[in-house]
Enquirer: 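After the structure tokens below, expect a handful of questions from me.
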Amino acid sequence: MTHSFDTTNPATGAKIATHTYLDDAELESRIQACHAAFRDWRLKSHEERGKVIKAIGQGLRDRKDELAALMTQEMGKLLSQSEQEIDLCAAICDYTAENGPKVLASEEREIQSGSRGRVVHAPIGIVYGIQPWNFPAYQVVRYSIANLMAGNGVLLKHASNVAGSGQMLDEIYADAGLPAGLFSALIISHDQSDAVIEHELVRGVTLTGSPAAGRDIAVKAGKVLKKTVLELGSNDAYIVMADADVEKAAQICATGRTYNNGETCVAAKRFVVSDAVYDDFREAFVKAMKAVTYGDPTGKEAGIGPMARKDLRDDLHKQVEQSVAKGAEILCGGEIPDGNGYFYPATVLANVQPGQPAYDDELFGPVAALIRAKDDEDAMRIANDSKFGLGGGIISRDVKRAQELAEVEFDTGMVFINGFGLATPNMPFGGVKDSGYGREHGGFGMLEFTNAKAVLIMDE
């Protein structure tokens, strides 16, 4: 096994840093230290935990410029969007600290005459998170802060190309007063990661990644009877209904497809447009996408930066080529540019049909799939004609009707009406079907890895 690896700036191809894998003895030491810290942390009151969580949020704000710069350097997102990501992470810390005591509070329940019951949300131990590179801070904060608030210990395996961001988060957590070892960012191999899943002191596993990775982790965790929470990929549909404001819809959809360089699980990817407004939307949407230029993510001019790795750009371009070979039409973009960096232009594919990667699969980059529907009812059918179910959107002047469709018909975990959204601290986040299971945010994440313990007092 190679004992070290380099991180690379995707905008320039230049080396950033060299990171060294932990050896097996150090990995075991980290797991033992996390468990030892958990044994004390679980006894802290919710309010005591909340103070440390709040301090982590402040630590994120204090080192915002430094962390944002590193995130952009490691994975290529626009610097302004790295800053927005850290603001969201700090808000998650504040929400969790303020609402955790209420969410995690024990409940009194009457069970029968002369007896009473209590439901206690007890921490279970170490929760292991395997996280991707596309939101280097948020993916970590999303699961770790909820589980620290719940009283658990937390281990992290971050994506190797954002290893530096993981190590900086480790520093920020420790500097905020989190007990030593309770949170640990591990730089380990895939084989070592499998050993962490199997370790007797690890009680839960959470992954954000592809459906293939989700199946793999679910099998490995299931064999040792560990609970999992999986947030996997998606090809979210945004429905443009017959009564939509076409210009507004085009701007919402262009933002939804290109935010974070198009490398977002819960992003607008398929654009299902009712026939009545299709031609007008197509014209406005292509114009809006053509206006999104790629370039230096640290500057002010670019609308998108580079893709995070060369192989990811190559895979995306292959999906575009395969879709075109099966009948899709390129309306803009669709070519790998010359020069340094892993850039890919904002791209629109039309005549997208079942059997094409642009229809069936997730395109993890700034490529939009434009689909014509006969009418609004047909658009809803097409939106649900997917193996995925993370998010989706409806754009309509009739908000009441859109809300009813979102609540009753849209088979996803999240629906955004008349706008593009990512995550909100006080709303649940997660999907259905091949997009995974379990929920984070909105209080739900704090309860995923707790023991809902029944305590029955039969005689007093």
Enquirer: Quick check for you: to the nearest 0.5 Å, what is the distance between K387 atom NZ and D360 atom CG?
Expert: 6.5 Å

Enquirer: Can you check whether P132's main-chain N or O pairs, donor with acceptor, with Q139's side chain at less than 3.5 Å?
Expert: no

Enquirer: Output the distance between atom CG (D6) and atom OG1 (T18), rounded to the nearest 0.5 Å.
Expert: 3.5 Å

Enquirer: In terms of heavy-atom contacts, does NZ of K248 have more than 12 from other residues, nucleotides or ligands at under 6.0 Å?
Expert: no

Enquirer: Tell me whether R142 contacts the main-chain N or O of H441 through its side chain, where contact means a donor paired with an acceptor under 3.5 Å.
Expert: no

Enquirer: To check you understand the geometry: which heavy-atom pair defines the closest contact between D94 and R61, and what is its length?
Expert: OD2-NH2, 2.7 Å

Enquirer: Does NZ or CZ of R313 fall inside the cone over Y342's six-membered ring, less than 6.0 Å from its centre and within 45° of the axis?
Expert: no

Enquirer: State, with a plain yes or no, whether a side-chain heavy atom of D398 is found less than 4.5 Å away from one of K400.
Expert: yes

Enquirer: With the threshold set at 4.0 Å, does a side-chain nitrogen-carboxylate oxygen contact exist between K220 and D216?
Expert: yes

Enquirer: Can you tell me if Y143 and T208 form a side-chain donor-acceptor pair at under 3.5 Å?
Expert: no

Enquirer: Could you report the tightest heavy-atom contact between Q131 and L156, atom names first, then the distance?
Expert: CG-CD1, 3.8 Å

Enquirer: Among side-chain atoms of Q319 and D315, is any donor-acceptor pair under 3.5 angstrom?
Expert: no

Enquirer: Could you walk me through whether R381 and D378 pass salt bridge (Lys or Arg N to Asp or Glu O under 4.0 Å), step by step?
Expert: CA-CA 5 Å; R381 176 193 65 79; D378 190 43; 2.9 Å; yes

Enquirer: Would you sort out whether L88 and Y138 count as a side-chain contact (heavy atoms from CB on, under 4.5 Å), showing the intermediate values?
Expert: CA-CA 8 Å; L88 172 59; Y138 166 70; 3.8 Å; yes

Enquirer: Do side-chain atoms of E263 reach the backbone of A308 as a donor and acceptor pair under 3.5 angstrom?
Expert: yes

Enquirer: Kindly indicate whether the side chain of L331, heavy atoms from C-beta on, has any atom under 4.5 Å from the side chain of E329.
Expert: yes

Enquirer: Around E335, counting heavy atoms of other residues, nucleotides and ligands shown, do more than 12 lie under 6.0 Å from its CD?
Expert: no

Enquirer: Please report the C-alpha distance between T206 and F449 in whole Å, then the side-chain angles of each, then the deciding distance to 0.1 Å, and finally whether the side-chain contact (heavy atoms from CB on, under 4.5 Å) criterion is met.
Expert: CA-CA 10 Å; T206 180; F449 291 102; 4.2 Å; yes

Enquirer: List the atom of E74, the atom of V162, and the distance in Å for their closest heavy-atom pair.
Expert: OE1-CA, 3.1 Å

Enquirer: Look at atom CD of E377 and say whether more than 12 heavy atoms of other residues, nucleotides or ligands are closer to it than 6.0 Å.
Expert: no

Enquirer: For the residue pair N235 and K269, confirm or rule out a side-chain donor-acceptor distance under 3.5 Å.
Expert: no

Enquirer: For residues T72 and L79, report the shortest heavy-atom separation together with the two atoms involved.
Expert: OG1-CA, 3.4 Å

Enquirer: Given side-chain contact (heavy atoms from CB on, under 4.5 Å), test L60 with L169 step by step and report yes or no.
Expert: CA-CA 8 Å; L60 289 164; L169 288 169; 3.8 Å; yes

Enquirer: Working to the nearest 0.5 Å, report the span between OG of S82 and CG of D87.
Expert: 11.0 Å

Enquirer: Just say parallel, tilted or perpendicular for the rings of Y259 and F420, cut-offs at 30° and 60°.
Expert: tilted

Enquirer: Are N260 and F135 close enough that some pair of their side-chain heavy atoms sits under 4.5 Å apart?
Expert: yes

Enquirer: Would one find more than 12 heavy atoms of other residues, nucleotides or ligands at under 6.0 Å from atom CD of E283?
Expert: no

Enquirer: Do the side chain of D243 and the main chain of S396 share a donor and acceptor less than 3.5 angstrom apart?
Expert: no

Enquirer: Would you say CD of E404 has more than 12 non-hydrogen atoms from neighbouring residues, nucleotides or ligands within 6.0 angstrom?
Expert: no

Enquirer: Can you confirm whether or not the ring centre of Y21 sits under 6.0 Å from the ring centre of H3?
Expert: no

Enquirer: Is there a donor-acceptor contact under 3.5 Å from the side chain of R257 to the main chain of A368?
Expert: no

Enquirer: Return the NE2 to CG distance between H199 and L27, rounded to the nearest 0.5 Å.
Expert: 7.5 Å

Enquirer: Is a donor on one side and an acceptor on the other found under 3.5 Å between the side chain of K227 and the backbone of E448?
Expert: yes

Enquirer: Y359 and S323: side-chain donor and acceptor closer than 3.5 Å?
Expert: no

Enquirer: For R30 and L186, run side-chain contact (heavy atoms from CB on, under 4.5 Å): C-alpha distance rounded to whole Å, both residues' side-chain angles, the deciding distance at 0.1 Å, then the answer.
Expert: CA-CA 8 Å; R30 295 278 191 101; L186 310 171; 3.9 Å; yes

Enquirer: Should I197 and Y128 count as side-chain neighbours, where that means a heavy-atom distance under 4.5 Å?
Expert: yes

Enquirer: From D236 CG over to S435 OG, what is the distance, rounded to the nearest 0.5 angstrom?
Expert: 7.0 Å

Enquirer: Strictly distance-based, threshold 3.5 Å: is any side-chain N or O of K326 a donor or acceptor partner for the main-chain N or O of G355?
Expert: yes

Enquirer: Any side-chain heavy-atom pair from W133 and S165 closer than 4.5 angstrom?
Expert: no

Enquirer: Where is the tightest heavy-atom contact between A346 and T258, given as atom of each residue plus distance?
Expert: CB-CG2, 4.3 Å

Enquirer: Can you tell if the side chain of H190 reaches within under 4.5 Å of the side chain of K157, non-hydrogen atoms only?
Expert: yes

Enquirer: Decide whether D296 and T298 meet the rule of one side-chain donor and one side-chain acceptor closer than 3.5 Å.
Expert: yes

Enquirer: Does D376 use its side chain to pair, donor to acceptor, with the backbone of A242 at less than 3.5 Å?
Expert: yes

Enquirer: Just by distance, do the side chain of R63 and the backbone of E171 share a donor-acceptor pair under 3.5 Å?
Expert: no

Enquirer: Under the 3.5 angstrom rule, does the side chain of N152 hit a backbone N or O of P123 as a donor-acceptor pair?
Expert: no

Enquirer: To the nearest 0.5 Å, how far apart are OG in S210 and CZ in R215?
Expert: 8.5 Å

Enquirer: Once you measure the plane-to-plane angle for Y238 and F416, does it fall in the parallel (<30°), tilted (30-60°) or perpendicular (>60°) bin?
Expert: parallel

Enquirer: Taking all non-hydrogen atoms of both residues, which atom of K374 and which atom of D275 are closest, and how far apart?
Expert: O-CB, 3.5 Å

Enquirer: Are Y294 and P366 packed together at the side-chain level, in the sense that at least one heavy-atom pair is separated by less than 4.5 angstrom?
Expert: no

Enquirer: Should R282 and V273 count as side-chain neighbours, where that means a heavy-atom distance under 4.5 Å?
Expert: no

